[in-house]
Amino acid sequence: MDRTSCIALPIAACLGFAALALPAAVQAQTPVWEENFNGTSIDGNTWTFDVGTGCQIGICGWGNNELQYYTSRPENARVENGNLVIEARRETFEGSPFTSARLKTEGRVHFKYGTLEARIKTPEAGNGLWPAYWMLGAIGVWPDRGEIDIMEIGHVDGIAAGMANRRVGGAVHWNYGGGHASHGDFADFPGNLHDDYRTYRMTWDPDFIRVTVDGLQYFEMAISDIEGASLHEFHAPHFLLLNLAVGGTYTGISNPNGVTAPLPGRMLVDWIRLYQDHPDSELQLGGDSAVPAGRFGVYSEQGGLAGALDFGSDADLFVWNNLAPISAAPFEGNEAMAFRASAGQWFGLGILTDYRNMSAYAGGALKFHMRTTTPSTFKIGINTSFGDSWVDFTAGGPNYGLVRDGQWHQVTIPFSAFYDLDLHAVKQMFMVVADPPAQDVELVIDNVYYQSP
Ligand SMILES: [Ca+2]
Ligand SMILES: [Ca+2]
């Protein structure tokens, strides 16, 4: 979310940004998706969290030198009086001077094209609060995935102009020629944005992305020159994010004492509605496709499963390093994952699928049969919308049923043993990574499944 201009682009790609057009009128129609925050808690079928400082995924300060620690605690994010409340606080937490929250619909609500309206009351931003309502592409890594910043408030230039609480900006980021390209626009609202709820409307079709606040257009981007300007990112599904950052490059404030905005600061979201009528629009709702409880086969040939991955269709087994296939008798059925790892190199594999909603398996366990003699430390992991989560198998630690004697043993790891596991959106259902073994080792794994309680 930075505001570098389109200098990385050819002139032709930039020209489109200045073209004027009237905001598309929204026809009276029924939303294809809406979130009204009417319940008593944040709906895990729609929302998940980014937690921490970003350091755990290698982007400390979330890539923007943000000062807060994001949590999923109700102190920082909750549903109250029909609103989502995101609250930034000045409090020392895990070494950070502020806390706040960042929610996203990754793995739950992805869409392409449409009119997205949201009724939001932002906090007094100046100086140092940075409310943001934005989207990331569902596929790939940044900037290849694309980013659409629908609303950001609190920019350093607005602070300098005495407009911190009136200036609202939008921006887009993408990959152009292997580098990061971006374009941003802003406008100054006639009054303080935080004085009341405002309706932010994004219209996104194959030709333009435009954003208005209470009818005032402040962002426009022409996206029809897909090949020439390398704009594929904006013709693919994105998911929503809502966060309230404290400090950071956008605000130009890197010292906690420079944050003078009233705290706690709260961003209230009354509702979000998506309308779609373009024939190429898409909407993917993960929450509607929760895998039923029971046994879900990740790599299993047993009968009576509630569901199973279909390799070659919706799942792939990836060998990441140092695993050569060997022939070995399976534990069950006709196939097993059987490999030899050479001494001196780490080894690993992963089973990747589309996001699966495994929320019915919370409180259950990952189960598999394993046969090995390796004495090395290894770890078993699951990747969810929260990122990677691992359970270590060390020589002296918990073994969850594994004995390293070269015989088949069933391993049962309760999902509660995985730190920060988001079973609503599971992407890599089973991963193995090991330290370099001192000598060649064999590893046979079979009958991998998720068991609900
Ligand atoms: Ca509401
Ligand atoms: Ca098998």
Side-chain angles (χ1 to χ4, degrees), residues 30-47 74 77-87 101 103 105 109 116-123 131 133 151 194 196-201 214 240 242 244 266-275 287 295-313 315-317 319 323 325-339 349-351 353 366-372 380 401-402 406-412 429-430 432 442-451:
T30 306
V32 294
W33 172 80
E34 62 187 311
E35 165 64 283
N36 292 296
F37 300 107
N38 285 339
T40 54
S41 61
I42 293 167
D43 181 2
N45 283 317
T46 300
W47 301 99
R78 59 189 176 271
V79 169
E80 206 170 75
N81 302 320
N83 285 249
L84 169 69
V85 181
I86 298 180
E87 181 170 311
L103 284 79
T105 65
V109 182
L116 186 73
E117 291 184 316
R119 187 170 186 262
I120 300 175
K121 188 171 190 291
T122 49
Y133 163 47
M151 174 273 279
H194 63 263
D196 203 348
Y197 286 88
R198 310 292 177 196
T199 300
Y200 295 87
R201 175 184 295 155
D214 286 356
L240 289 171
L242 285 159
L244 179 51
R266 298 181 188 93
M267 174 159 67
L268 309 181
V269 185
D270 184 3
W271 47 254
I272 307 172
R273 294 169 188 157
L274 175 67
Y275 303 86
R295 290 184 173 191
F296 182 83
V298 177
Y299 188 102
S300 174
E301 295 161 271
Q302 60 178 295
L305 298 169
L309 295 186
D310 182 4
F311 285 86
S313 167
D316 286 294
L317 169 62
V319 168
L323 286 173
I326 57 173
S327 66
F331 173 77
E332 44 101 80
N334 299 312
E335 296 176 350
M337 292 181 276
F339 297 100
L349 63 80
I351 293 176
T353 183
L366 167 65
K367 288 176 168 275
F368 56 95
H369 278 77
M370 187 168 183
R371 185 165 74 71
T372 190
I380 299 291
L402 178 68
Q407 305 299 310
W408 284 111
H409 295 279
Q410 186 172 37
V411 180
T412 300
M429 301 201 82
F430 182 78
V432 183
E442 290 183 1
L443 188 75
V444 190
I445 299 172
D446 199 1
N447 195 29
V448 182
Y449 62 96
Y450 285 23
Q451 175 71 59

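All ligand and atom numbering here is 1-based and tracks the order in the structure. All of these numbers come straight from a predicted model, not from anything done at the bench.
Each of Asn83, Thr122, Asp214 was scored for a side-chain hydrogen bond (donor to acceptor under 3.5 Å, both in side chains) with Tyr197, with one residue passing: Asn83.
In this pair, Phe37 and Trp47 present their aromatic rings parallel. The plane angle is below 30°, not in the 30 to 60° band. Ring geometry for Phe368 against Phe430 counts as perpendicular: the plane angle is over 60°, on a 0 to 90° scale with 30° as the lower cut.
Here Met151 contributes atom CE and Arg198 contributes atom CZ; the two are 11.5 Å apart, rounded to the nearest 0.5 Å. The distance from the CD atom of Gln410 to the CZ atom of Phe331 is 7.0 Å, given to the nearest 0.5 Å.
Taking the Ca ion (ligand 2) as reference, the nearest N/O/S atom within Glu301 carries the name OE1. The Ca ion (ligand 2) sits nearest to atom O when only the N, O or S atoms of Glu335 are considered.
Under the 4.5 Å side-chain criterion, counting only non-hydrogen atoms from C-beta, Val444 is in contact with Trp408. Residues Leu317 and Leu349 meet the side-chain proximity criterion, which asks for heavy atoms closer than 4.5 Å.
Around the Ca ion (ligand 1), the protein atoms of type N, O or S that sit closer than 3.0 Å are Asn36 O, Gly82 O, Asp270 O, Asp270 OD1.
Remark: at the Ca ion (ligand 2), atom OE2 from Glu332 and atom OD1 from Asp446 enclose 90°, rounded to the nearest 10 degrees.
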